[in-house]
Number of protein chains: 2
Amino acid sequence: MLDATSSYNPMDRRIPVDDRTGQRIVPETARRGDRVSGTRYGNRPTMKDVAARAGVGLKTVSRVVNGEPGVTPDTERRVQEAIEALGFRRNDSARVLRKGRTASIGLVLEDLADPFYGPLSRAVEEVARAHGALLINGSSAEDPEREQELVLALCARRVDGLVVIPAGGDHRYLEPELRAGVATVFVDRPAGRIDADVVLSDSFGGARDGVAHLIAHGHRRIGFIGDMPRIHTAAERLRGYRAAMEDAGIPVERSWMSLGVTDPQRVRRAAEEMLSGPAPVTAIFAGNNRVTVTVVRVLAEHDRPVALVGFDDFELADLLKPGVTVVAQDAAALGRTAAERLFRQLDGTLVTPERIELPTRLITRGSGELPPAD
Amino acid sequence: MLDATSSYNPMDRRIPVDDRTGQRIVPETARRGDRVSGTRYGNRPTMKDVAARAGVGLKTVSRVVNGEPGVTPDTERRVQEAIEALGFRRNDSARVLRKGRTASIGLVLEDLADPFYGPLSRAVEEVARAHGALLINGSSAEDPEREQELVLALCARRVDGLVVIPAGGDHRYLEPELRAGVATVFVDRPAGRIDADVVLSDSFGGARDGVAHLIAHGHRRIGFIGDMPRIHTAAERLRGYRAAMEDAGIPVERSWMSLGVTDPQRVRRAAEEMLSGPAPVTAIFAGNNRVTVTVVRVLAEHDRPVALVGFDDFELADLLKPGVTVVAQDAAALGRTAAERLFRQLDGTLVTPERIELPTRLITRGSGELPPAD
DNA sequence: TAGAGCCTGGACAACGTTGTCAGATGCGGG
DNA sequence: CCCGCATCTGACAACGTTGTCCAGGCTCTA
């Protein structure tokens, strides 16, 4: 774990006590009375300070800061000078308290470092920016509790809206928030036990098409490696795999499927098992990005050519030998669509929650077109 | 551009006016007087509402919410029930206003979608989390004005600290913020005209080592493709290139260097030019991630083998044929180090600004060890 | 049984901003 | 010269929370 034993504990619930004496430490605010030339010592100038310096009223400063009409150019100049001189910056917390809106939206995703979420996050940010809002984001690390913790922290900060890539399966804890008017859109996976907007990729259709592609190239023994079925996308992709196999009248063997496998070592083992034995698979369908990459590594060490189709595109997939055929989903489009719906909720254009599925696209690059090496 | 003509304009400076009638629209707050069973209609319950429902005083609710001592179990239970029933969530804006700290830090980087910044961002987030703080981030898109806009917006929201990957070269606009006690750390590139903490990779040393590596493998005509020298890292890497060449006594020809080139098409053209003509380069040093990838693409189409070393590692570099030799920097370490310094500033452990350089690591994978094909 | 001391709970002000409203100022016309 | 009007300005309350401080009720002891 990370070290967090510092004295910076903004949300600390304990009363600070001096280690040696056991005395209560004098809280910061008690020391703040001292004034140095009009501004609180060690603190930021307020509109009041600006007003005093410019020799005008408080509200006049407010008007200048917000570009409201009704201030003579001369007064405005004096105020501007005072602002400049003091380095005044409006306190948006106070503003929010008064106005009710924060002009910020929250994004909760699984892991910012995952290349799939980078573009998604960026797309959400761009839409937010176009609406004058800032983006606060957090990674749930695929942990439902951490997701809830994050979401509630964002709500406590009164974000105007939430874009959530759910880790958990039960989002009833959001009900009071929805009632309070927090716009909410779920992305990539549907919300659990709650009626809300959802924007998804067509995981089922994409996986079915990808597997059908392998079947069309003559494969019958096709492996599937994917995440835990409790994750909606993983379950849907598995369903797509099964559907394609069933459509082709191929009974699926137990040993061809590896579920809930996600870390490289286990993926590696799973792939190696499928590829050994008396009747090894001749093709593999990889349920996501990370799995695909690991499988590529395994296949690179493998002598017999094995076909591969992966769900989700990745950089350089075209440069590998052979290029990796993938079912591509558009992460940026997911983010953009979700954010746009969010802001339409906020301006009242949107009322009824909907479920939107974005199509996927099969990109053939070679690995998915290899014939079975029986 | 993105559509932003909605009625959601939280930071709008104009007074809302009805399009057709020209009448001023009644502002939200004017409608909020209506009360429904104790809570503001369409609004969130406050501690006052909880207090009323639980039949206790306001401060008692505050105590329960913050886990402060001095509340009988029975009272606490009643308050908890009221909180539950009303779906109360503490308003952190008000809290901030009162306490002075927001428990959030801002991160301004170039582009969240860039694979280099994902891990960096995540590392900052983890440290923040360990300190109970949330992360707000924004992309500057390498635009100094947008950087400043973002930073100031974050300051207005009173983030406790800032981690900035600077796009601009002049950060004097941050002076009032620093004076006001906003902890600030610059990452990846140094701050301009201001005295602040900086955490960098050793771009100069890394580039010098990378180029020296090529020289050690017999190359003398070595190309350099990098970003605009106004970007500090780009300038440093160029300096490293020149230093290595000079150390080896190789005079650098003008045509070997391509600066300020960053989009794929121009990188492609630059690489092709270096590789043609009477005395083409036999090796290329790529100044960053994106350049490296594009050069790999060009070389893949090229018949004669050309050695390549890239600055900054990327996923799958090992899987290409040949594997790409890189000077790796640790993005996560950059983020972690920066964030840790930030919180040490916040708890007062750290006072004097410092410049920290993190070492790079040469990872040989094949492309950098190719002999010159003279 | 009275008084000291502790524990619990609540009234109140303050944080920095914005909306309301009324007062001040200046100008032109009667 | 004074009134009316428009324009500009400022006093004040409110937003929801937390820190301070005091009151009232309890227990314990002399």
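Here the structure is a predicted model, which is why all the values come from computation and not from measurement. Residue numbers begin at 1 in each chain, while the letters A, B, ... track the order of the sequences.
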Does [N] have OP1 or OP2 under 4.0 Å away from a side-chain N or O of [X]?
X      : N       : result
R90(A) : dT18(C) : yes
N91(B) : dC15(D) : no
R98(A) : dA14(D) : no
T46(A) : dC15(C) : no
S93(A) : dT17(C) : no

**Test applied, side-chain contact (heavy atoms from CB on, under 4.5 Å); reference residue, V65(A); option that passes from Q80(A), R89(A), M47(A)** = M47(A)
**Item:** Option from V185(B), L174(B), L107(B) for which side-chain contact (heavy atoms from CB on, under 4.5 Å) with L162(B) holds
**Value:** L174(B)
Looking at [X] and [Y], does any basic side-chain N land under 4.0 Å from a carboxylate oxygen?
X       : Y       : answer
R129(B) : E125(B) : no
R63(B)  : E76(B)  : no
R158(B) : E177(B) : no

**Prompt:** Which of the following nucleotides, dT17(C), dG19(C), dC15(C), is nearest to the side chain of K99(A)?
**Reply:** dG19(C)
**Message:** With the threshold set at under 4.0 Å for non-hydrogen atoms, list the residues of residues 54-62 of chain A touching DNA chain C in residue-number order.
**Reply:** L58(A), K59(A), S62(A)
**Message:** Using five pairs at each end of the helix from dT1(C)-dA30(D) to dG30(C)-dC1(D) to define an axis, what is the angle between those two axes, to 10°?
**Reply:** 60°
**Message:** Using heavy-atom distances to pick each residue's nearest nucleotide on DNA chain C, tell me which of R158(B) and R63(B) is more 5'.
**Reply:** R63(B)
**Item:** Partner set under side chain to side chain donor-acceptor pair (under 3.5 Å) for R193(A), not counting sequence neighbours
**Value:** none
